[in-house]
**Student:** 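I have a structure I would like to understand better, so I am pasting it below and will then ask my questions one at a time.
One-based numbering along the sequence shown.
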Amino acid sequence: MRQVIIIGSGPAGYTAAIYAARANLAPLVLASSVEAGGELMNTTEVENFPGFPEGIQGPELMAKMQEQAERFGAEIVYDDVTALDLSGDVKTVTMGSGAVHEAESVVFATGSAPRKIGIEGEQRLSGRGVSYCATCDGFFFRERVIAVVGGGDSAMEEATFLTKFASKVYVIHRREELRASKIMQDRAFANEKIEFVFNSAVVDVLGEDAVTGVVLESTVDGSRTELPLDGVFVAIGNDPRTHLVHDQLQLTEHGTVWVDGRSSRTSVSGVFAAGDVIDPTYRQAVTAAGSGTVAALDVEHYLAARGEAGAPAADVAEIDGLDEADAA
């Protein structure tokens, strides 16, 4: 039986693994068989993660985090969790392969999934012109006319990246103003390949075997128009991946896993949560990584308090290599 199992392999999961491994807890990290590394695997250049002044590609950053976790003794398993039993002192995790793992504690760091518009044409043409990942599918739209749906940082990043391939990129946003940060807006506005379509909602995706366009509905007067397109990239946010714990952990009104204050403690003893699955607001790689740190420290304290961690619980300063006087 393990001392701790970490479910998820994004910045939160891998950071928790790094800290837990350094504390000699021999963590088992359950990474997805197809989505290992989390959402950053679908991101191009990450410019705001501390320590990389020139920026770093999302997949490279995640590879470095994984390498660091493994260096300290974390074990990575590429399989999908299909069921959890979080009741009792021993937590049980069942995998798609049929394997069953047991642990004294669990860190739930499953992140979030791309949000969908929720219209029939979107589902029907998913993978045939409708995409949720510019870095995955942008190459297939060379010299094509495409659209990005959304108004946040992710949408601006997707649109800017797609101009490397497409002849024209429309940004469709249901409001008159973008939600993206100023630097991301300025970058998109300065790109001559990008054209903005404000106060418009996508109400249908057109095409039989491939996308041929979208139907737009004005959010001002309700009028409808068609916009010819070769592809649609949806970037309207993400939803926390909580389906495995809906009937076991308390959730917030935002659908995220509830945690006790600034800790990672959930409503079930011995179960901790970190990253985007608990964060409806910030959802940054660096905040997820910090959240993973909190989870690992909470796990160590929990196990030590039970007398099963093999060493007294250390405070944050001690774990970081400082004594209390230095920390002060």
**Student:** Going by heavy atoms in the side chains, are Thr242 and Thr256 under 4.5 Å from each other?
**Tutor:** no
**Student:** Just by distance, with hydrogens left out, do Asn199 and Arg175 show a side-chain donor and acceptor under 3.5 Å apart?
**Tutor:** no
**Student:** Can you name the side-chain contact (heavy atoms from CB on, under 4.5 Å) partners of Gln123, sequence neighbours left out?
**Tutor:** none
**Student:** Strictly under 6.0 Å, is that where the ring centroids of Phe272 and Tyr302 end up?
**Tutor:** yes
**Student:** So, Asp80 versus Ser32: side-chain donor-acceptor pair below 3.5 Å or not?
**Tutor:** yes
**Student:** Under a single-linkage rule joining Ile, Leu, Val, Met, Phe, Trp and Tyr whose side-chain heavy atoms are separated by less than 4.5 Å, which residues share a cluster with Leu28?
**Tutor:** Ile5, Ile7, Leu30, Val77, Val81, Leu84, Leu86, Val93, Met95, Val106, Phe108, Leu244, Val245, Leu249, Leu251, Val257, Val259, Val268, Val271, Val277, Ile278
**Student:** Side-chain contact, heavy-atom cut-off 4.5 Å: Met62 with Met41?
**Tutor:** yes
**Student:** Could you tell me which residues satisfy side-chain contact (heavy atoms from CB on, under 4.5 Å) with Ala31, sequence neighbours excluded, listed by chain and number?
**Tutor:** Ser9, Ala36, Ile76, Tyr78
**Student:** What pairs of residues pass the ring-ring contact (aromatic ring centres under 6.0 Å, His included) test when at least one of them lies in residues 184-208, not counting sequence neighbours?
**Tutor:** Phe189-Phe196, Phe196-Phe198
**Student:** Test: salt bridge (charged side-chain N to carboxylate O under 4.0 Å, His left out). Region: residues 49-65. Which pairs qualify, not counting sequence neighbours?
**Tutor:** none
**Student:** Who pairs with Ser263 by side-chain contact (heavy atoms from CB on, under 4.5 Å), at least two apart in sequence or on another chain?
**Tutor:** Asp260, Arg265, Asp298
**Student:** Regarding Asp85 and Thr92, do their side chains bring together a donor and an acceptor under 3.5 Å, going by distance alone?
**Tutor:** no
**Student:** Are any of the side-chain heavy atoms of Arg187 and Met184 separated by less than 4.5 Å?
**Tutor:** yes
**Student:** Does the side-chain contact (heavy atoms from CB on, under 4.5 Å) test come out yes or no for Val202 and Val215, once each step is laid out?
**Tutor:** CA-CA 6 Å; Val202 177; Val215 177; over 6 Å; no
**Student:** Going by heavy atoms in the side chains, are Leu40 and Pro11 under 4.5 Å from each other?
**Tutor:** yes
**Student:** Quick check: do Glu208 and Arg128 have side-chain heavy atoms less than 4.5 Å from each other?
**Tutor:** no
**Student:** Any side-chain donor-acceptor pair under 3.5 Å between Glu158 and Tyr132?
**Tutor:** no
**Student:** Report yes or no: is the cationic atom of Lys164 (NZ for Lys, CZ for Arg) closer than 6.0 Å to the six-membered ring centre of Phe161, at no more than 45° off its axis?
**Tutor:** no
